[in-house]
Number of protein chains: 4
Amino acid sequence: MAKSSRNSKGDKYQKILDAALKVFAKKGFYSSKVSEIARLANVADGTIYLYFRNKDDILISLFEVEMQKVIDRLEEALAGEGDPRRKLEIFALTHLGMVDSRREVAEILQVEVRQSSKFMKDYHNEKFIQYLNIIASIVEEGQRQGLLRADINPDIAKRAFFGALDEMSVYWVLSTKRSFSLETAAQQISRCFLSGLLADKAD
Amino acid sequence: MAKSSRNSKGDKYQKILDAALKVFAKKGFYSSKVSEIARLANVADGTIYLYFRNKDDILISLFEVEMQKVIDRLEEALAGEGDPRRKLEIFALTHLGMVDSRREVAEILQVEVRQSSKFMKDYHNEKFIQYLNIIASIVEEGQRQGLLRADINPDIAKRAFFGALDEMSVYWVLSTKRSFSLETAAQQISRCFLSGLLADKAD
Amino acid sequence: MAKSSRNSKGDKYQKILDAALKVFAKKGFYSSKVSEIARLANVADGTIYLYFRNKDDILISLFEVEMQKVIDRLEEALAGEGDPRRKLEIFALTHLGMVDSRREVAEILQVEVRQSSKFMKDYHNEKFIQYLNIIASIVEEGQRQGLLRADINPDIAKRAFFGALDEMSVYWVLSTKRSFSLETAAQQISRCFLSGLLADKAD
Amino acid sequence: MAKSSRNSKGDKYQKILDAALKVFAKKGFYSSKVSEIARLANVADGTIYLYFRNKDDILISLFEVEMQKVIDRLEEALAGEGDPRRKLEIFALTHLGMVDSRREVAEILQVEVRQSSKFMKDYHNEKFIQYLNIIASIVEEGQRQGLLRADINPDIAKRAFFGALDEMSVYWVLSTKRSFSLETAAQQISRCFLSGLLADKAD
DNA sequence: CATGAATGAGCTTTCATTCAT
DNA sequence: AATGAATGAAAGCTCATTCAT
């Protein structure tokens, strides 16, 4: 079993993605070299092109695979819960929880993929839309149940809520000294969105 | 006509920044070529290096110049207003207003600068922090006046609010068909943050 | 046919050095273009960087490879000889002999490598020192045997002798019309060093 | 007299040469920038081209001016002396003495000018030949007087003698720890050439 | 005479991608 | 399927030189 690596034997596809994740997270997409991904994956440079069309394709595939994991994990977390208000809180906790547990994934999802025209214009980004629409669904559900106000457009709300969480993630990934925990951040953000900042309200 | 030289105009620094703005917005930083910026600025390639240390420096300078304009414009818009609740709404309107009126600037501020280590880790990004802290100040002011709830950390709120607006901008810049106006978006986002999504509240 | 690849031959390292030798000799190091070396070596520009770190490294490698050949050839020529007086003459003949048989090598060894800080200060130039020390050894040997005067510092003598030969080489390489042969030059130089210029002496 | 420098007023030619001397000695010809010479000379970049055709011309002019000084100094030193044997010693002492007193000049004369085809092939180098021929004249004079052996070709001797001194200079300029003085070196080199290395001779 | 901003050709070097084995 | 040596286009940057003022 001399040369084979941790992974059983033939799933080079996964080995390459694993390597790409580390390299992209460390250096950023443009500064990453295909040959470094190959080296880390214990694979020849040329082998990468048997599994991926080009360097962009690695990033996009990585994004989709990881996004799917995030979506799965999120749906699992939301599964038992009926109250859309609580669901938003769970969304926030799960989203930010991922930043801690899978920091490299977070760095790439945040930064690399929304990076530039190449990825946000040309590439339609189905998974991301799917992720955003989970929020929209929750809001719509709440509105149908009369629990959330009907005069807020769910398409606006989903982006506002996601944006708030995402900006927090960026901060979390980049900063070193932080005065609050991710749980606190998640709670405060969901509280903001649910109850608002105005003072004269019960929570 | 003080500084003019062989070339008619003279204010090459600005011409280069203007050109860079367009090129970066269209192609993204990494895919932009210095020579294209030069061409668009009607300037020789080498001239760029009389005004900027390197390609990175162009982006950073562009960011700081434009960010300063945004801050100035914002402070002007906030000048007459005393109520922090209204200030948040003005912030949202101004921020999103800029996306429409200066779309290219918006694209760069959003995408390029939050990009990656090169710009968010190494480069401290004073102007961005300054911008964020305008939100924090408004929130703190509201808290001191008893108008905004005291149990929300202004450092979290500022990022949540900015993130919500920024995500909306990204959507605005990238999408072509939109079902709502920017004014609507601004109002809905500030309403979300002030009054929350919960249904059982007066506005 | 072990290593061969797309290209017929395979021994690109040597092909590049051969090409570099010609180009450097013709144009001088600074005026030589890596792309011209590549063209002459029938190799792509990038290929050069698989074998050498940079342009400097080509020169240094060339120097060391050729210097080693010179040293080997010299030691072979000195092998059978016991008399240090005769050894100096052989050294001179071999050194100048090389100038004729490998003129391009001579041009580079002479001119490029003694050039300037980049190559004589930063790069320690082991091979050259080794070459010089062959002279010193011969002198010391002669002194021990009582054949050569003891009041001449071998470290001075080695440089004087080498310098005399080297200057002759420079002349030989650069001039076109010469009034004497290299053998004559070698003999006269070694005679100068052994017997001196003074008239009242037996040879 | 605000801006004018040490030199009286208009001899920018000299100021440029002085600056070039320092810059070339420090960085080497190819790594020296015309603009740095200009800066050091307190002169605009363009001004240099009023006095010199191009960068090469600065080096060549510098060479000729300095070589002339060396020749003048040498002829002065040789003036009173009639004995060609003593003249050779004076030549050696003067040549090496210059290395100490005008190290920068030495570095350039040695290294930069003999550097490459550009300067030794294309440029005929009259002054250098003149300098060499002083040695040849001394040798011929000695031969006519019967003091030096007639079977040594003065054209070979001149190069051998110069080469020995030059190599010593190179060593002197480049090395930091030396086990002998320049005077010793000069004496030993001239003794070598006069009396030879052979042991069985009176000095 | 003097200036120095502007030029732009031309350099080295990188690296995604290919393809003969 | 896998390799990895080879490719070569492409890019950022430098700097000798010019010329309008």
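As rounded to whole Å, 18 Å separates atom P of E/dG8 from atom CD1 of B/Ile37. For A/Lys15 and F/dA1, the NZ to C1' distance is 13 Å, given to the nearest whole Å. With rounding to whole Å, B/Lys12 atom NZ is found 17 Å from E/dG4 atom P. Between the CD1 atom of D/Ile48 and the C1' atom of F/dC19 there is a distance of 16 Å, rounded to whole Å. One can place OH of A/Tyr13 at 17 Å from C1' of F/dA1, the figure rounded to the nearest angstrom. Look at CD on A/Glu36: it is 16 Å from P on E/dT17, rounded to the nearest Å. The distance between atom CG of A/Asp11 and atom P of F/dA1, rounded to the nearest whole Å, is 14 Å. The CZ atom of C/Phe52 sits 15 Å away from the P atom of E/dT14 (whole-angstrom rounding).
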Base versus backbone protein contacts along nucleotides 9-16 of chain F [heavy-atom cut-off under 4.0 Å; B, S, -]: --SSBBSS
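Every residue two or more places apart in sequence or in another chain was checked for a side chain to side chain donor-acceptor pair (under 3.5 Å) with C/Lys55, and none qualifies. With sequence neighbours left out, the side chain to side chain contact (heavy atoms under 4.5 Å, CB included) criterion links A/Val70 to A/Met98, A/Leu109, A/Tyr131. For A/Arg39, the side chain to side chain contact (heavy atoms under 4.5 Å, CB included) partners two or more places apart in sequence, or in a different chain, are A/Glu36. Remark: A/Ser32 engages A/Val23, A/Phe24, A/Lys27 in a side chain to side chain contact (heavy atoms under 4.5 Å, CB included) (not counting sequence neighbours). For D/Tyr49, there are no ring pair (Phe, Tyr, Trp, His ring centres under 6.0 Å) partners at least two apart in sequence or on another chain. For B/Asp57, the side chain to side chain contact (heavy atoms under 4.5 Å, CB included) criterion is met by B/Phe52, B/Arg53, B/Asn54, B/Ser61, not counting sequence neighbours. Evaluation of the salt bridge (Lys or Arg N to Asp or Glu O under 4.0 Å) rule for B/Lys33 yields no partner, not counting sequence neighbours.
For A/Tyr51 and F/dA1, the shortest distance from a side-chain N or O to OP1 or OP2 is not below 4.0 Å.
Nearest heavy-atom pair, C/Val173 versus C/Ala106, reported as atom, atom and distance to 0.1 Å: CG2-CB, 4.4 Å.
Rounded to whole Å, the separation between the C1' atoms of E/dC1 and F/dT21 comes to 13 Å.
Counting only Watson-Crick and G-U wobble pairs whose two distances sit under 3.5 Å, DNA chain E takes part in these stems of three or more pairs: E:2-21 with F:2-21.
The distance from the CZ atom of C/Arg103 to the CG atom of C/Leu21 is 12.5 Å, given to the nearest 0.5 Å.
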